[in-house]
Protein chains: 2
Amino acid sequence: MKLVQIYQCLCDETRLRLLNLLLEGPLCVCHLQAALVEPQVKISKHLGYLKTRGLVRSRRQGNWIIYALPPERERSAELKANLACLQDCAAEQTGFKRDLARLRKLDLACAPVAAAGGKGKACCD
Amino acid sequence: MKLVQIYQCLCDETRLRLLNLLLEGPLCVCHLQAALVEPQVKISKHLGYLKTRGLVRSRRQGNWIIYALPPERERSAELKANLACLQDCAAEQTGFKRDLARLRKLDLACAPVAAAGGKGKACCD
DNA sequence: AAACTACATTCCGATTCAGGAATACAGCAC
DNA sequence: GTGCTGTATTCCTGAATCGGAATGTAGTTT
């Protein structure tokens, strides 16, 4: 992946907010949507954009789709550097912090379930 | 300047190459153009793009226009972080390295002259 | 089976952007 | 002044977004 393609993924506010949340770990679309307080189609399209370009992965978990950044060992040096940079910068800006705060208030069942490869009713019940 | 605006400036290959060169110091358009081997209008328009968004400054020096990044003390934390990140990443990619190599082969009269606030016939003579 | 949930895709309009050709402009040389 | 050099701007076209409304789809529940 070329450097400029990374920046193209980062040059939209919604995508920045999504990636900032995904830096915390895998998340299903409904949580991303709830944390960002944006319409479903908007979230879905930007996730699609990121996915085509390889910045995120997704897998189905029952009714839910879990999105995640690629595993660390598969991240190029440039990607690692830029994700770290983004995380640092976002950590100091209110908008991004608010997203994280909202995320933490949600019932985060889906993330642990996803991590455990689990069963359960999962996610948003 | 918002974080996303920084990324918008970085999401074009030509602009990345320009910024990578400007990280070395102030440069006149003709040197940028020569180092990148791109048409004048292309260089000029991308410099204009960066300038309107505050990522570069310009000042006239006789016949030449010298572009430079804003002085360090005026760079926001996010800008510093991202410029550093860019420089690191670019330092390892052939395309960017080749630009720098071409730049160093040029007669760099204009940069010292600019730094000295100088007279002289300057730049590309 | 039908109904529901979570998400994706298609279709649309509006905007932005990239690149090139031609032209304009500002300052220097004469 | 004229002409030249270095750079910017205007005009155009094609392509790439972005966003929303409506619709489609996969999997679950009953």
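The structure presented is a predicted model; accordingly, all values stated were derived computationally and were not measured. Lettering of chains follows the sequences in order, A, B, ..., and the numbering in each one begins at 1.
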List, one per line, each side-chain donor-acceptor pair under 3.5 Å for residues 40-51 of chain A, sequence neighbours excluded.
residue, atom, partner, partner atom, Å
A:Lys42, NZ, A:Glu38, OE1, 3.1
A:His46, ND1, A:Arg15, NH1, 3.1
A:Lys51, NZ, A:Ser58, OG, 2.8

Please list, one pair per line, the donor and acceptor atoms closer than 3.5 Å that link side chains of residues 76-91 of chain B to other protein atoms, with sequence neighbours excluded.
residue, atom, partner, partner atom, Å
B:Ser76, OG, B:Leu79, N, 3.1
B:Asn82, OD1, B:Tyr7, OH, 3.4
B:Asn82, ND2, B:Glu78, O, 3.0

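Rounded to a whole Å, the NZ atom of B:Lys51 is 13 Å from the P atom of D:dT7. B:Gln61 has its CD atom 13 Å from the C1' atom of D:dG6, to the nearest Å. Atom CG of A:Leu18 and atom P of D:dG19 are 11 Å apart (whole Å). Whole-Å rounding puts the A:Leu36 CG to D:dG19 P distance at 11 Å. Summarising the geometry, the separation between CZ on B:Arg59 and P on C:dG27 is reported as 15 Å, rounded to the nearest angstrom. Separating the CH2 atom of B:Trp64 from the C1' atom of D:dC4 is a distance of 12 Å, rounded to the nearest angstrom. Taking atom CD1 on A:Ile65 and atom C1' on C:dA8, their separation rounds to 9 Å, with Å as the unit. Here C:dA6 presents its P atom at 9 Å from CD of A:Gln33, a figure rounded to the nearest Å.
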Protein-proximity profile, nucleotides 11-22 of chain C, B/S/- by nucleotide at the 4.0 Å heavy-atom cutoff, equals B-----SSBBB-

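Here OH of A:Tyr67 is found 10.0 Å from CG of A:Leu22. Values are rounded to the nearest 0.5 Å.
Comparing D:dT7, D:dA26, C:dA8 by their closest approach to the side chain of A:Asn63 singles out D:dA26. Taking every side-chain heavy atom of B:Ser44 into account, D:dT9 is the closest of C:dA6, C:dG27, D:dT9. Comparing atom distances between the A:Val29 side chain and each of D:dA8, D:dA26, C:dC7 picks out C:dC7 as nearest.
With sequence neighbours left out, the side-chain hydrogen bond (donor to acceptor under 3.5 Å, both in side chains) criterion links B:Glu74 to B:Arg57.
For residues 89-99 of chain B, the side chain to side chain donor-acceptor pair (under 3.5 Å) pairs, not counting sequence neighbours, are B:Arg17-B:Asp99, B:Asp99-B:Arg102. Sorted by first and then second residue, the salt bridge (charged side-chain N to carboxylate O under 4.0 Å, His left out) pairs with a member in residues 19-30 of chain A read A:Glu24-A:Arg104; sequence neighbours excluded.
Heavy atoms only, all atoms of each residue included: B:Pro26 and B:Ile66 are closest at CB-CG2, 3.7 Å.
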